Amino acid sequence: MKQTKQNSSTAVPIMDAEAIRRALQRIAHEIIERNPQLEKVVLAGIPTRGVEIARRIAGFIHQIEKIDLDTGVIDVAMHRDDVGTRRELPVVRASKLPVPLEGRTVIIVDDVLYTGRTVRAAMDAVNSFGRPARIQFATLIDRGHRELPIRADYVGKNLPTSMNEKVQVHIGGAGQPDSVGLIKPKTSE
Amino acid sequence: MRAAESVTTSSSPDAAFALRWNRKDLLGLRELSAEEINFILDTADAFKQVGTREIKKVPALRGKTLVNFFIEPSTRTRTSFELAAFRLSADVINISASTSSLTKGETLKDTARNLEALHADILVLRHSFAGAPQFLAQRLEASVINAGDGAHEHPTQALLDLYTIREKRGKIAGLHVAIIGDILFSRVARSNIFGLLKLGARVTLVGPSTLVPREFEKLGVEVSYKIDNVLPSADVVNLLRIQHERQRKEYFPGIGEYTRFFGLTKERAKFLKPDCLIMHPGPINRGVEIDSGIADGLQSVILDQVTNGLAVRMAVLYLCGGIST
């Protein structure tokens with residue numbers, strides 16, 4: 001449940017492009033440190049921003065270790081638990097993972113960790129491809145308010161929020177600098 | 001809950017929700033926009049991938065009930081819808097003409113309302129009367145999917161044909177598609193014509209003049225009675241089955257005659273472009289509308305159509321059945 005409606009005029013800046021770069025570089029180091037068998041790691045991004053973040057982390061790992069990790073796309077729309085309860089349907093996109101996953105470590109990558117429902121759906125989706133040795137989770141922002149017993153293994157930034165605020169992530173957009181912002185609820189409401 | 005304006009194009013690639021679809025029913029391709037058709041095909045891409053997974057099942061329609069209501073006999077379409085529903089975790093009931101109360105004198109509407117009283121969410125209807133799905137769609141809360149109505153439309157067949165062409169050729173606009181055979185009685189032909197024209201293909205209908213009236217030219221297609229003039233420029237040939245069961249004798253003299261003038265024989269296939277796709281909605285009559293060897297040849301995508309039909313039907317069930325009305 002990403003809260004990222006276009007409303008940049010009222011967003012409070014949280015991270016700029018340089019802060020995002022450093023955070024993802026640190027996550028790359030942490031992944032290397034935590035996974036001695038680095039070549040077994042698969043980075044699986046959740047569309048659309050998670051895919052871009054996974055691509056960048058893979059780039060940093062290549063710079064540091066000269067290893068090209070397998071990357072993939074894990075679409076969660078068809079694994080969500082709220083289909084049929086909302087007026088609009090999530091757009092489904094094709095997932096792509098290297099198979100077989102047996103013996104591998106899949107690191108799911110997303111931009112914002114919030115309720116944890118997206119991550120749960122992503123874990124279900126990964127399991128339908130096979131049985132990886134372990135699943136880890138990396139996120140650029142952890143904004144709290146979990147509704148499921150889920151935590152991130154790699155966090156770019158912990159950002160305490162209230163539930164009526166929105167986190168806005170721009171990454172890899174053409175002609176737009178990377179940024180993370182916090183949108184406060186309008187005072188008139 | 002009818003959708004008047006069903007397309008609001010979203011320019012943002014980040015849009016996580018489908019603003020491009022809010023129809024509860026799929027009745028035909030005539031009323032769909034090119035954007036809606038493309039959106040179904042894009043969605044089918046995602047579902048096709050599910051078929052390659054170790055576990056070929058997703059929970060997208062968990063808890064939903066689908067009724068396959070087939071007043072006319074059909075094995076492949078019903079099976080395809082049934083499997084599509086299974087892969088989306090929906091529960092499926094099959095009702096055919098012989099097992100329904102229609103034979104006991106119940107009206108179509110009463111039968112459908114009874115199904116709805118059982119909280120069926122999606123009704124897949126095959127009926128011999130054109131317009132039957134529309135009749136029910138207007139009266140039921142449930143989603144109604146047209147699985148073929150009389151000689152009117154068979155939208156999921158046309159969508160899987162479009163999907164197969166797009167998959168194999170990378171595009172549809174600008175291609176020359178020849179639809180050959182019994183056009184007059186064919187709902188497959190009608191749905192294909194609407195879809196192909198909306199996506200920018202050039203369409204030529206070929207067959208005996210009794211089965212391909214010039215009237216069709218009003219839809220924006222070309223009509224030809226000489227298959228040999230059409231084959232060399234075709235990028236796709238879609239061969240329709242000669243429907244023995246519907247044909248009365250007066251439409252053409254005989255099966256042998258049909259094959260001689262309009263069948264895709266080995267000799268005729270030599271005039272096709274090397275990359276021309278050969279399609280057939282099935283079931284094929286080997287040796288009648290298509291030579292047996294050609295049907296199994298390298299240019300034939302007949303079995304790809306079957307595989308793609310599953311993905312397209314998953315997409316349609318997901319889009320129509322997944323929204324909350």
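On a predicted model such as this, the values are computed, not experimentally measured, just so you know. Hydrogens, waters and symmetry mates are skipped; everything else that's a heavy atom, side chains included, is used. Residue numbers start from 1 in every chain, and the chains themselves are labelled A, B, ... in the order their sequence lines are given, proteins ahead of strands.
With rounding to the nearest 0.5 angstrom, the CG atom of A/Leu89 is 4.5 Å from the OH atom of B/Tyr318. Interatomic distance, OG1 of B/Thr43 versus CZ of A/Arg93, reported as 10.0 Å (0.5 Å rounding).
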Practice task
Before giving the answer on side-chain contact (heavy atoms from CB on, under 4.5 Å), spell out for A/Asn127 and B/Ile55 the whole-Å C-alpha distance, their side-chain angles and the decisive distance to 0.1 Å.
Solution key: CA-CA 8 Å; A/Asn127 285 325; B/Ile55 297 169; 5.8 Å; no
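More than 12 heavy atoms of other residues, nucleotides or ligands lie within 6.0 Å of CZ in A/Arg26, so this atom counts as buried by the packing criterion. In B/Arg30, the CZ atom is not crowded: 12 or fewer heavy atoms of neighbouring residues, nucleotides or ligands sit closer than 6.0 Å. Counted within 6.0 Å of CG on B/Leu118, heavy atoms from surrounding residues, nucleotides or ligands total more than 12; the atom is thus considered enclosed. Heavy-atom neighbours of B/Arg113 CZ from other residues, nucleotides or ligands within 6.0 Å: at or below the threshold of 12. Within 6.0 Å of CZ in A/Arg134 there are 12 or fewer heavy atoms belonging to other residues, nucleotides or ligands.
Side-chain contact between A/His79 and B/Pro59 is present, with at least one heavy-atom pair separated by less than 4.5 Å. The closest side-chain heavy-atom distance from B/Val50 to A/Met78 is below 4.5 Å.
With a 4.5 angstrom heavy-atom cutoff, A/Asp124 does not touch chain B via any of its atoms.
If you tally non-hydrogen atom pairs under 4.5 Å between each of A/Gly173, A/Ala125, A/Gly130, A/Ala121 and chain B, the highest count goes to A/Gly130. Of the listed residues A/Val99, A/Val92, A/Leu97, A/Leu101, the one with more heavy-atom pairs under 4.5 angstrom with chain B than any other is A/Val92. Contact count versus chain A (heavy atoms, under 4.5 Å) is highest, among B/Arg53, B/Gln49, B/Lys57, for B/Arg53.
Closest non-hydrogen pair, B/Ala46 versus A/Ala94, comes out as CB-N, 3.4 Å.
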